[in-house]
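Every heavy atom of this structure was used, including side-chain atoms; hydrogens, water molecules and symmetry mates were not. Here is how names work: the chains are called A, B, and so on, in the same order as the sequence lines, proteins then strands, and each is numbered from 1.
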Amino acid sequence: MGPDLLLKVELPSDPSMLCVVRGAMERLTETFGFSAPEVRSVTRAVDEALTNIMRHSYGGAVDRRIEVSCSRVSKKERVQGGQGFEVRLVDYGPKIDKAKLRGRKLEEIKPGGLGLHFIRQSMDVVEFKRARGTNVLRLVKYLQAEKLEGT
Amino acid sequence: MGPDLLLKVELPSDPSMLCVVRGAMERLTETFGFSAPEVRSVTRAVDEALTNIMRHSYGGAVDRRIEVSCSRVSKKERVQGGQGFEVRLVDYGPKIDKAKLRGRKLEEIKPGGLGLHFIRQSMDVVEFKRARGTNVLRLVKYLQAEKLEGT
Amino acid sequence: MLGGKPLQISARLLGTTTVFDITGDIDLAHSPEVRKALLSEIKDKKTPKVVMNMSKVRYIDSSGVASLVEGLKASRDAGTRFMLVGLSPAAREVLQLSRLLKIFETFDTEEAALAG
Amino acid sequence: MLGGKPLQISARLLGTTTVFDITGDIDLAHSPEVRKALLSEIKDKKTPKVVMNMSKVRYIDSSGVASLVEGLKASRDAGTRFMLVGLSPAAREVLQLSRLLKIFETFDTEEAALAG
Ligand SMILES: Nc1ncnc2c1ncn2[C@@H]1O[C@H](COP(=O)(O)OP(=O)(O)O)[C@@H](O)[C@H]1O
Ligand SMILES: Nc1ncnc2c1ncn2[C@@H]1O[C@H](COP(=O)(O)OP(=O)(O)O)[C@@H](O)[C@H]1O
């Protein structure tokens with residue numbers, strides 16, 4: 001097993017699995033060393049990313065495959081910070097139209113369009129890629145203490 | 001994704017990952033329909049099985065790979081019951097000597113030798129197999145209502 | 001796909017007020033149930049005051065927030081009142097991130113909401 | 001491998017009694033810490049009464065039970081007392097499954113243990 005892979009989870013695109021992944025993410029981010037608000041924040045980002053895959057990549061189908069991999073990323077990778085927690089979410093849906101990747105303006109009061117805001121507010125890195133027929137969303141959050149140390 | 005696979009988790013053989021798997025198992029078994037004591041019981045069985053893999057199959061090394069797959073198994077498979085929750089735990093350690101697969105007598109008061117008891121007390125099916133160079137532990141617990149219905 | 005433990009929504013009638021006690025996670029799996037309960041109470045029954053007791057909500061995601069916004073909009077259209085009570089730190093945080101906390105009438109306790 | 005939030009073990013001295021407040025999960029990752037704290041208190045310091053406050057133990061596995069059994073054995077050898085207080089349903093269940101519940105001195109409250 002790669003020395004930096006902490007956990008890999010495969011699940012069907014069924015919304016009733018969201019709480020299961022949150023259960024794992026809460027414990028994993030706590031064990032990784034994040035504070036309680038950071039634990040909530042990273043867990044929320046992963047949950048919202050999964051929700052988007054279920055709704056937009058898979059159009060509500062509940063039996064498609066989603067992969068979530070969590071790794072430690074080290075200082076070398078990024079100048080900006082120290083020890084980071086990386087989550088990669090992979091789906092097998094159609095290529096995402098990047099032009100559509102935008103939430104609503106927060107000034108408007110209407111339902112929907114909040115997920116991407118939550119993800120961007122939570123994470124230090126948010127990167128959408130297309131790779132070998134899959135959509136890969138890469139999220140990184142740096143540990144606060146290390147982040148200060150590194151700057 | 002197979003229609004009956006609920007969740008697959010890959011983790012390193014690091015004891016600090018046990019709480020992460022418990023977090024996922026608690027939510028998954030609750031969502032599957034188990035009662036609170038059954039949720040605790042299945043979670044405990046999986047935790048003890050992982051502990052045994054970490055200690056005995058991998059001799060305490062923290063960077064070896066463990067796979068945990070959870071599926072729904074249907075009535076057809078077993079006469080004894082109805083809908084079941086199956087967990088398969090796979091490790092890449094040496095073949096288990098089945099003669100050693102026994103806990104201590106419960107009458108003796110000494111530390112250790114409890115894990116297998118907990119697993120057998122929790123689960124309806126406990127099966128150790130060697131397959132393609134891996135140890136596979138298969139655990140099944142049937143839903144109580146279905147179990148009564150089936151008998 | 002999974003039977004599972006649903007979100008629990010139970011309604012209490014106190015005079016002309018309906019209090020919804022919500023227990024569990026309002027996420028993509030369960031926000032449609034919340035939305036349905038709210039719209040039926042506000043749009044169909046035109047209940048003058050609807051109070052959401054959120055004190056047992058462990059988690060709420062963007063789809064849950066969307067359901068609450070729909071409830072609020074429906075109550076504005078119907079000229080009725082819609083209140084949130086007992087927000088956990090997690091729920092408060094999410095409404096703050098959405099910049100929606102201030103558009104809801106929120107109260108710490110049910111008593112305050114009923115009197116308000 | 002992970003830094004993580006350790007199990008929290010804090011000791012309170014009340015006269016000749018030491019109360020350990022344990023918070024978190026006593027599993028394979030953390031039972032060695034519990035074992036170490038217990039044996040140091042009982043074997044090395046020969047503290048006449050050691051009380052384990054288990055009310056904030058969320059989970060305990062077979063290795064955690066083994067640590068408690070070691071504590072109990074050490075206290076029998078030393079002629080001291082070893083008590084468990086505030087067992088959660090999960091902890092009680094595990095000791096029952098091990099058929100070990102009855103060999104421990106257990107109390108519902110710390111007051112009862114201190115008086116006992
Ligand atoms: N995984 C995805 N696949 C395709 N499109 C996506 C995906 N995630 C987000 N999007 C696009 O980004 C938009 C904004 O997403 P979001 O902020 O989560 O709000 P919402 O999902 O409520 O519309 C979505 O409406 C969708 O068009
Ligand atoms: N995954 C495994 N690989 C090899 N041996 C095992 C494995 N799991 C259990 N065993 C054997 O079964 C014995 C009993 O296990 P258990 O009841 O969990 O108690 P303990 O692990 O405390 O000895 C172990 O001592 C070991 O010899």
Most chain A-contacting option - heavy-atom pairs closer than 4.5 Å, from C:R58, C:E70, C:E93: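 So the answer, after comparing C:R58, C:E70, C:E93, is C:E93.
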Count the heavy-atom pairs under 4.5 Å between each of C:L72, C:D25, C:L28, C:V69 and chain A, then report the option with the highest count. C:L28
To the nearest 0.5 Å, tell me how far A:I53 CD1 sits from A:L89 CG. 5.0 Å
At what distance, to the nearest 0.5 angstrom, does CD1 of C:I103 lie from CG of C:L95?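 Between C:I103 CD1 and C:L95 CG, I get 8.5 Å after rounding to 0.5 Å.
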If you tally heavy-atom pairs under 4.5 Å against chain C, which of A:D47, A:T43, A:L50 wins?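 Result: the option with the highest number of such pairs is A:D47.
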Just by distance, no angles: are the side chains of A:E48 and C:S62 close enough, under 3.5 Å, to form a donor-acceptor pair? yes
Indicate whether the side chain of A:E67 and that of A:Y92 have a donor and an acceptor atom separated by less than 3.5 Å. yes
